[in-house]
Amino acid sequence: MGWYRRHARVLPWRADPQREDDRGRVDPYHVLVSEAMLQQTQVATVVDYFQRFIRALPTVFELAAADEQRVLSLWQGLGYYRRARHLHRAARALVDQHGGTIPRNAAKLAALPGIGPYTAGAVASIAFQQREAVVDGNVARVLARLEAIEAVIDEPATRRHLWRLAAALLPSRRPGDFNQAMMELGATLCRPRSPACGDCPVAALCRAHQCGLERQLPRRRPRRQPQTVEHHIVAIERGGRWLLEKRPDDGLWAGMWQLPVNETLDGEPAAPALVGWVHSRYGLDIAPPATAANFTHRTTHRTIHFHLWQASTHGGRLRRGTAALWRRLDQLEDLPLANPQRCAITTLQGC
DNA sequence: AATGCGGGGCG
DNA sequence: CGCCCAGCATT
């Protein structure tokens, strides 16, 4: 804890840990938003998003009153957009059922959408000084090394063991700071690849370090190989405006907007196939599209080869089941777009 | 118990 | 490149 007080990073959702009197002054709403953003996302990536989000929606009431599209726009580029929709729904539940106050109790927190065991423990301990343990990726790695746990860390039995360990180590004084200290240790010293055991305050207690095993631990289950798929973006222009549509409410990039994308054509599509597809799906007649660009987008689970095609249409009546509209490319600020779509649109603007 | 869900940092 | 990140919901 002394180490944490000296080395903790100053972060916008955190009270300055070097100022004793700041404890308890954190805004629970800030903690909630930051923890949602931090799920599977590194601190450095989150900082700017967090500041922009809080500036735009400073309290749970503004978040609850906001349109989902606006929340997604504030999340645009951060990934895992389900988190944004869950957070939005959680805010509405809090305003409707709790008068806008965030519960201090971990079980009540965990009942909210998007809040699981980790986030519930984090909010309860950090925002409300409740004695709740947390195990995130950092804590799991720190504990696995401290105790030289060789079991595969992703297994449910191992997770349960780690939670029991974390709970046993948790002090009754300042549990929130303890939890943050463990995570900070994992993020800054007890790193996955190159652990800085020389600087670690608990190296003398670390069984992995004593055995020289720190680089082998924790053990993880091998991941499935990412699939490679082809997505064909057909950018359709009519009189300076382009067709945009909203993606379905589930699956990849749910609720985000896009230029029309064909995700089913395998192999070499050829422009004629896309002409037929646009006709059948949108009811629009286009000239055979021309290639504008190709780029690759990688996520954890798949590699997507994007083929950007450009076409124009004159007549035809738009047929569409879900939301679609024609827009100038410099007037898309209100439409949340995932990164590959932003990339495609930037390319078109350069054409 | 397994899978889907983004995007970026870093060696 | 590959691995991992202040996880969660769904099946």
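Here is the naming used below: chain letters follow the sequence lines, and residue numbers restart at 1 for every chain. For clarity, every value in this text was computed on a predicted model and none was experimentally measured.
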Report which part of the nucleic acid A:Gly251 touches: base, sugar-phosphate, or nothing (heavy-atom distance under 4.0 Å, all strands). sugar-phosphate
Which whole number of Å gives the distance between the P atom of C:dA9 and that of B:dG8? 24 Å
Compare the minimum distances between each of B:dT3, C:dA6, B:dG7 and the side chain of A:Arg221, then state the nucleotide with the smallest one. B:dT3
Under-4.0 Å side-chain N/O to phosphate OP1/OP2 contact, A:Trp13 with C:dA6: no
Rounded to whole Å, how long is the line connecting atom CG of A:Leu87 with atom P of B:dC5? 21 Å
With respect to the side chain of A:Arg302, which nucleotide from C:dC8, C:dA6, B:dC5 is positioned closest? B:dC5
From the set C:dG7, B:dG9, C:dC4, return the single nucleotide nearest to any side-chain atom of A:Arg141. C:dC4
Does A:Tyr81 place a side-chain N or O at less than 4.0 Å from the phosphate oxygens OP1/OP2 of B:dG7? yes
When only distance counts, do a donor and an acceptor, one from the side chain of A:Thr300 and one from the base of B:dG4, lie under 3.5 Å apart? no
For A:Pro156 and for A:Leu78, find the nucleotide of DNA chain B with the closest heavy atom, then tell me which residue's nucleotide is more 5'. A:Pro156
The side chain of A:Arg224 is closest to which nucleotide in this list: C:dC8, B:dG4, C:dA6? B:dG4
Numerically ordered, the residues 335-350 of chain A set in heavy-atom contact under 4.0 Å with DNA chain C is none
Do A:Tyr81 and A:Gln76 have side-chain atoms, one donor and one acceptor, less than 3.5 Å apart? no
By nearest nucleotide on DNA chain C, pick out whichever of A:Leu112 and A:Gln180 is the more 5' one. A:Gln180
A:Arg160 side-chain N/O to B:dA1 phosphate OP1/OP2 under 4.0 Å: no
Look at all strands and tell whether A:Ile115 reaches a base, only sugar-phosphate, or nothing, counting heavy atoms closer than 4.0 Å. sugar-phosphate
Between atom CE of A:Met182 and atom SG of A:Cys190, what is the distance when rounded to the nearest 0.5 Å? 9.0 Å
Can you find a donor-acceptor pair, distance only, under 3.5 Å between A:Thr41 side chain and B:dG8 base? no
Expressed as a whole number of Å, how far does the P atom of C:dA6 sit from that of B:dT3? 24 Å
A:Tyr80 OH to C:dA9 P: how many Å, rounded? 14 Å
Check the distance between B:dG8's C1' and A:His297's NE2 and give it to me in whole angstrom. 10 Å
State whether the number of non-hydrogen atoms from other residues, nucleotides or ligands found under 6.0 Å of A:Gln331 atom CD is greater than 12. yes
Could you check how far CZ of A:Arg89 sits from P of C:dA9, rounded to whole Å? 9 Å
State which of C:dC5, C:dG2, B:dG4 makes the closest approach to the side chain of A:Gln40. C:dC5
When you measure from the centre of the six-membered ring of A:Trp326, is the NZ or CZ of A:Arg238 under 6.0 Å away and within 45° of the axis? yes
For A:Gln42 and A:Thr119, take the nucleotide of DNA chain C holding the closest heavy atom to each; which residue's nucleotide lies nearer the 5' end? A:Gln42
What's A:Arg223 touching, base or sugar-phosphate or nothing? Going by heavy atoms closer than 4.0 Å. base
Selection from B:dG6, C:dC4, C:dG2 that lies nearest to any side-chain heavy atom of A:Arg193: C:dG2
To the nearest angstrom, the CG-C1' distance between A:Asp249 and B:dG4 comes to 16 Å
Hey, does A:Arg298 reach any base, or is it just sugar-phosphate, or nothing, if we go heavy atoms under 4.0 Å? base
For A:Asp136 and C:dA6, give me the distance from atom CG to atom P, rounded to whole Å. 6 Å
Is any NZ, NE, NH1 or NH2 atom of the basic residue among A:Arg247 and A:Glu263 found under 4.0 Å from an Asp or Glu carboxylate oxygen of the other? yes
Under 4.0 Å between any heavy atoms, over every strand shown, what does A:Arg85 touch: base, sugar-phosphate, or nothing? Just pick one. nothing
Would you call A:Arg5 and A:Asp177 a salt bridge, using N to O less than 4.0 angstrom? no
Figure out the NE2/P separation between A:His301 and C:dG7, and round it to whole Å. 14 Å
Winner on side-chain proximity to A:Pro192, out of C:dC4, B:dG9, B:dG6, is C:dC4
Looking at every strand, decide which applies to A:Leu11 at a 4.0 Å heavy-atom threshold: base, sugar-phosphate, or nothing. base
Would the A:Phe295 and A:His305 ring centres measure less than 6.0 Å apart? no
Honestly, is A:Arg52 close enough over A:Tyr49, meaning NZ or CZ under 6.0 Å from the six-membered ring centre and within 45° of the axis? yes
Of all the choices, B:dC5, C:dA6, B:dG11, which nucleotide is nearest to the side chain of A:Ser194 once you look at every atom? B:dG11
Nucleotide C:dC8, atom C1' - distance to CH2 of A:Trp163 in whole Å: 12 Å
Does this structure show an ion pair linking A:Glu184 with A:Arg14, if we count only N-O contacts that are shorter than 4.0 Å? yes
With ring centroids as reference points, do A:Trp75 and A:Tyr80 lie under 6.0 angstrom apart? no
